Amino acid sequence: MFEGFSPETFDFLWGIRLNNEKTWFEAHKADYIRHLYEPMKALGQEVFSAFSHVPAMELHVSRIYRDARMHPPFPYKESLWFSIRYRVEEWSRHPTLYFDIRPEGASYGFSLWRPTPAVMEEFRRDLLSRPSHFPQLLQQAQAESGLPFTAECYKRPKPCDNAALAPYFGWKGDLSAGAFLEPGENLFTPELVGRLQSALLPWVPLCEYFYTFTQD
């Protein structure tokens with residue numbers, strides 16, 4: 001059962017940032033498990049219980065160990081997270097719901113980080129064929145979750161004759177909606193579970209929408 005993170009969680013996160021080497025980690029491994037990994041795993045499982053109705057979505061809880069082939073010379077991550085996403089190999093190209101904790105605090109929300117150009121082209125075609133569908137989905141998700149939406153834009157937006165749709169034609173990638181919590185009471189109580197469920201569930205229709213374009 002998730003009972004909240006603690007000041008010791010952030011003590012460990014700052015410690016691994018300042019001492020990212022095996023000797024320090026081994027001396028503090030019990031702190032990692034007790035104050036960071038086990039609470040994160042419990043939080044992810046409880047939040048995910050509200051998503052059991054969503055086909056093909058899975059919970060993924062990260063570990064602190066880096067792949068030495070990809071991230072030399074530091075052996076450990078400086079953050080931990082869980083994600084709720086589809087059964088895919090390359091998550092960055094697909095819609096994802098996430099919670100991430102690091103020394104500065106925690107963030108959570110919706111992300112479609114690196115959609116392929118082909119996916120964005122399909123998105124633009126759908127906008128033209130159903131002009132009101134996606135804008136209504138996005139408006140509802142923002143209203144229900146309270147999370148603001150942003151996107152990385154082209155320097156030169158794609159042409160669009162429909163003035164109402166033109167802003168969407170400027171989107172290139174990094175489609176995201178999120179919020180940040182500083183270390184403190186919001187992270188130290190079991191109420192965090194409900195807060196995340198309330199913020200993430202409204203984005204399921206957006207996940208399902210983009211997943212139709214991102215399936216391999």
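Small disclaimer: the values here were computed from a predicted structure and weren't measured.
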>> Applying a strict under-4.5 Å side-chain criterion to I, L, V, M, F, W and Y, I'd like to know whether Phe2 and Leu36 cluster together.
In response: yes

> Considering all heavy atoms of both residues, which atom of Pro183 and which atom of Gly105 are nearest to each other, and what is their separation?
Replying inline: CD-CA, 3.8 Å

> Considering residues at least two apart in sequence or located in another chain, which fulfil the side-chain contact (heavy atoms from CB on, under 4.5 Å) criterion with Ser49?
Replying inline: Gln197

> When you measure from the side chain of Asn20 to the backbone N and O of Phe74, does any donor-acceptor pair fall under 3.5 Å?
Replying inline: no

>> Restricting to non-hydrogen atoms, name the atom on Leu200 and the atom on Gly109 that form the minimum distance, rounded to 0.1 Å.
In response: CD2-O, 3.5 Å

>> Checking Phe210 against Phe123 for the ring-ring contact (aromatic ring centres under 6.0 Å, His included) test, could you report, in this order, the C-alpha distance in whole Å, the side-chain angles of both residues, the deciding distance, and whether it holds?
In response: CA-CA 8 Å; Phe210 281 110; Phe123 167 61; 5.5 Å; yes

> Are Asp31 and Glu8 close enough that some pair of their side-chain heavy atoms sits under 4.5 Å apart?
Replying inline: no

> Any donor and acceptor pair, going by atom type alone, linking the side chain of Ser198 with main-chain N or O of Gly194 inside 3.5 Å?
Replying inline: yes

>> If you count every heavy atom of other residues, nucleotides or ligands that lies below 6.0 Å from Glu26 atom CD, does the total exceed 12?
In response: yes

> Say you draw a straight line from OG of Ser132 to CG of Leu127; how long is it, rounded to the nearest 0.5 Å?
Replying inline: 10.5 Å

>> Please say yes or no: joined through hydrophobic side-chain contacts below 4.5 Å, possibly via intermediate residues, are Leu97 and Phe213 part of one cluster?
In response: yes

> Can you name the nearest heavy-atom pair linking Thr23 to Glu21, along with the distance?
Replying inline: N-OE1, 2.8 Å

> Taking side chain as C-beta onward, heavy atoms only, is Trp113 less than 4.5 Å from Leu175?
Replying inline: no

Which atom pairs, donor and acceptor, lie under 3.5 Å between side-chain atoms of residues 52-65 and protein residues at least two apart or in another chain?
| from | atom 1 | to | atom 2 | distance (Å) |
| --- | --- | --- | --- | --- |
| His53 | ND1 | Ala50 | O | 3.3 |
| Glu58 | OE1 | His60 | NE2 | 3.4 |
| Glu58 | OE2 | Arg87 | NE | 2.6 |
| His60 | ND1 | Arg85 | NH2 | 3.4 |
| Ser62 | OG | Trp81 | N | 3.0 |
| Ser62 | OG | Trp81 | O | 3.1 |

>> I'd like to check the side chain to side chain donor-acceptor pair (under 3.5 Å) partners of Glu191; sequence neighbours left out, ordered by chain and number.
In response: Thr189

>> On a heavy-atom basis, which atom in Phe169 and which in Pro159 lie closest, and how many Å separate them?
In response: CD2-O, 3.4 Å

>> Minimum heavy-atom separation for Lys22 and Tyr76, please, with both atom names.
In response: CA-OH, 3.4 Å

> What residues, two or more places apart in sequence or in another chain, satisfy side chain to side chain donor-acceptor pair (under 3.5 Å) together with Glu185?
Replying inline: none

> If we only count heavy atoms from C-beta on, is the Val47 to Phe99 side-chain gap below 4.5 Å?
Replying inline: no

>> Going by side chain to side chain donor-acceptor pair (under 3.5 Å), name the pairs with one or both residues in residues 150-177, residues two or more places apart or in two chains.
In response: Thr150-Ser176

> Which value, rounded to the nearest 0.5 Å, describes the distance between Ser6 atom OG and Leu187 atom CG?
Replying inline: 10.5 Å

>> Taking side-chain contact (heavy atoms from CB on, under 4.5 Å) as the definition, give me every residue that meets it alongside Asn19, ordered by chain and number, with sequence neighbours left out.
In response: Trp24

> Are Ser107 and Leu181 side-chain neighbours, meaning at least one heavy-atom pair lies under 4.5 Å?
Replying inline: no

> Are Tyr209 and Phe134 close enough that their ring centres sit under 6.0 Å apart?
Replying inline: yes

> Which residue pairs satisfy the salt bridge (Lys or Arg N to Asp or Glu O under 4.0 Å) criterion with at least one member in residues 97-119, sequence neighbours excluded?
Replying inline: Arg17-Glu104, Asp100-Arg102

>> Testing the basics here: between Cys160 and Leu165, what is the closest heavy-atom pair and its distance to 0.1 Å?
In response: SG-CB, 3.9 Å

> Which residue pairs pass the ring pair (Phe, Tyr, Trp, His ring centres under 6.0 Å) test with at least one member in residues 175-200, sequence neighbours excluded?
Replying inline: none

> Taking side chain as C-beta onward, heavy atoms only, is Met40 less than 4.5 Å from Phe82?
Replying inline: yes

> Listed by chain and number, what are the side-chain contact (heavy atoms from CB on, under 4.5 Å) partners of Pro202, not counting sequence neighbours?
Replying inline: Glu144, Ser145

>> For Phe149, is there any backbone N or O sitting under 3.5 Å from a side-chain donor or acceptor partner on Gln142?
In response: yes

>> Is there a path of hydrophobic side-chain contacts, each under 4.5 Å between heavy atoms of I/L/V/M/F/W/Y residues, joining Leu43 to Phe48?
In response: yes

> Looking at CD of Gln136 and CD of Gln140, how far apart are the two atoms once the value is rounded to the nearest 0.5 Å?
Replying inline: 9.0 Å

>> Please list all pairs meeting salt bridge (Lys or Arg N to Asp or Glu O under 4.0 Å) that have one or both residues in residues 123-132, counting only residues at least two apart or in different chains.
In response: Glu121-Arg124, Glu122-Arg125, Asp126-Arg130

> Do Tyr98 and Leu192 belong together in a cluster built from hydrophobic side chains that touch within less than 4.5 Å?
Replying inline: no

>> Run the side chain to side chain donor-acceptor pair (under 3.5 Å) test against Ser111 and tell me which residues pass, sequence neighbours left out.
In response: none

> Does the side chain of Tyr32 reach to within under 4.5 Å of the side chain of Ile16, using non-hydrogen atoms?
Replying inline: no

> Excluding sequence neighbours, so at least two apart, what forms side-chain contact (heavy atoms from CB on, under 4.5 Å) with Pro115?
Replying inline: Leu112, Val119, Met120

> Distance-only, no hydrogens or angles: does the Trp203 side chain make a donor-acceptor pair with backbone N or O of Phe110 under 3.5 Å?
Replying inline: no

> At what distance, to the nearest 0.5 angstrom, does CZ of Phe51 lie from CD1 of Ile84?
Replying inline: 4.0 Å

